[in-house]
Amino acid sequence: MKSELNDIPLSTADAGQGLPLVFLHGFPLHRGAWQMQFDTLRSAFRVIAPDLRGFGESRTRPGPATMPQCAADVHALLQRLLTGPVVLIGHSMGGYVALAFARQFPKMLRGLVLVGTKAGPDTAEAAAGRRATAEKVKADGVQVVVEAMAPKMLAAGNQDPRLLEQVRGIMNSSTTQGVVGALLGMAERPDSTGLLAQIAVPTLVVTGADDTVVPPTESEKLARAIAGAQLSVIPHAGHLVAFEQPEEFNRLLMEWLNRTGLASTPSIAS
Ligand code: MLT
């Protein structure tokens with residue numbers, strides 16, 4: 001489905017019925033990174049997976065794609081699709097967007113799942129590194145980022161060539177403008193640490209045990225700071241944990257949705 005939202009065409013997959021689960025992908029990916037969640041969970045829930053601005057089939061504008069802007073895009077999309085709150089599931093950059101959404105639109109949240117992500121901002125050095133990478137991408141194309149990042153998506157001991165090829169395929173579909181915009185947007189993202197104590201919805205924090213991009217210690221910090229949050233560490237998984245270990249990820253998510261009662265809340269949203 002394509003919608004014109006906040007002045008850009010935004011592309012979204014939307015299927016199933018019931019409690020809405022909204023999946024936000026990481027960088028430099030697109031909604032296809034959630035395919036194995038989408039295909040499995042659509043039989044029991046309404047599953048909604050947008051391409052964030054600048055990725056997949058969604059377009060963007062020149063300049064930083066800020067996390068608050070991406071959150072506003074998701075909110076505008078949800079306003080079109082439904083009326084009630086959702087369970088928001090964000091991976092890495094998608095987690096930064098999910099936290100921005102939690103800050104801006106708390107009433108639209110029914111539950112939160114933070115996957116391989118963190119609340120803190122970039123250090124000055126990390127932000128400078130992102131800006132330098134953005135310049136390299138402008139000069140040499142998205143390949144710069146794809147080659148650096150693809151192997152880090154999977155656990156070091158699990159570099160399955162077939163999975164790596166799929167990850168590269170998703171990443172290679174990114175445009176220079178999309179990648180540059182997201183790099184600049186992530187570099188200027190605000191510190192969300194103070195927000196964590198205010199999160200009042202059931203929260204699940206998931207990390208791959210072997211994630212070297214956002215180490216599991218970041219997930220531990222999130223789970224400690226959010227009241228009642230459940231921390232789940234998936235073994236033999238790197239940064240793209242839901243893609244690398246989809247069965248275990250889906251099992252955990254279902255278990256959490258059942259344990260918290262979210263799975264059986266009547267949907268007023270669809
Ligand atoms: C991601 O996976 O979305 C990015 O690695 C996040 C980041 O670079 O901070």
Side-chain angles (χ1 to χ4, degrees), residues 23-34 37 49-56 58 60 64-71 73-74 88-101 113-137 142 144-156 163-164 166-174 178-193 205-208 210-219 221-222 234 237-245 249:
F23 292 90
L24 306 181
H25 63 80
F27 169 89
L29 302 163
H30 60 52
R31 64 179 193 251
W34 292 115
Q37 283 65 51
D51 285 332
L52 295 172
R53 64 167 54 213
F55 293 97
S58 294
T60 190
T66 66
M67 303 302 104
Q69 176 65 67
C70 293
D73 293 342
V74 174
L88 197 54
I89 301 160
H91 170 246
S92 203
M93 180 183 76
Y96 308 156
V97 176
L99 289 172
F101 187 99
V113 183
L114 297 170
V115 187
T117 194
K118 61 188 169 194
D122 276 4
T123 60
E125 198 186 352
R130 286 204 208 265
R131 293 190 179 107
T133 304
E135 288 307 313
K136 280 200 202 111
V137 171
V142 298
V144 171
V145 165
V146 176
E147 283 321 310
M149 287 202 70
K152 294 188 195 162
M153 291 286 145
L154 308 178
L163 280 188
L164 260 183
Q166 287 178 28
V167 171
R168 282 208 177 86
I170 293 176
M171 290 185 168
N172 272 321
S173 73
S174 305
V179 168
V180 167
L183 283 166
L184 300 178
M186 285 193 285
E188 65 174 71
R189 74 183 186 282
D191 187 357
S192 295
T193 310
V205 181
V206 183
T207 179
D210 305 322
D211 189 343
T212 55
V213 179
V214 179
T217 47
E218 294 290 349
S219 291
K221 283 194 237 169
L222 286 173
I234 298 188
H239 188 50
L240 199 49
V241 49
F243 183 86
E244 190 175 4
Q245 299 292 352
F249 182 90

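Here the structure is a predicted model, which means the values were calculated and not measured. In each ligand, atom 1 is the first atom listed, and ligand 1 is the first ligand listed.
Within the 4.5 Å cutoff, the side chain of Thr207 has no heavy atoms near those of the Val241 side chain.
Nearest heavy atom pair, residue Asp122 against residue Met186, reads OD2-O, 3.9 Å. The shortest heavy-atom contact between His239 and Asp211 is ND1-OD2, 2.8 Å. Residues Val145 and Pro28 share a closest heavy-atom pair of CG1-CG, 3.6 Å.
Contacts of ligand 1 (protein heavy-atom distance under 4.0 Å) are Gly26, Phe27, Ser92, Met93, Tyr96, Arg130, Met149, Met186, Val213, His239.
A search for side-chain contact (heavy atoms from CB on, under 4.5 Å) contacts involving Glu135 returns Lys138, not counting sequence neighbours.
The aromatic rings of His91 and Trp34 sit perpendicular, their planes meeting at an angle over 60°, well past the 30° parallel limit.
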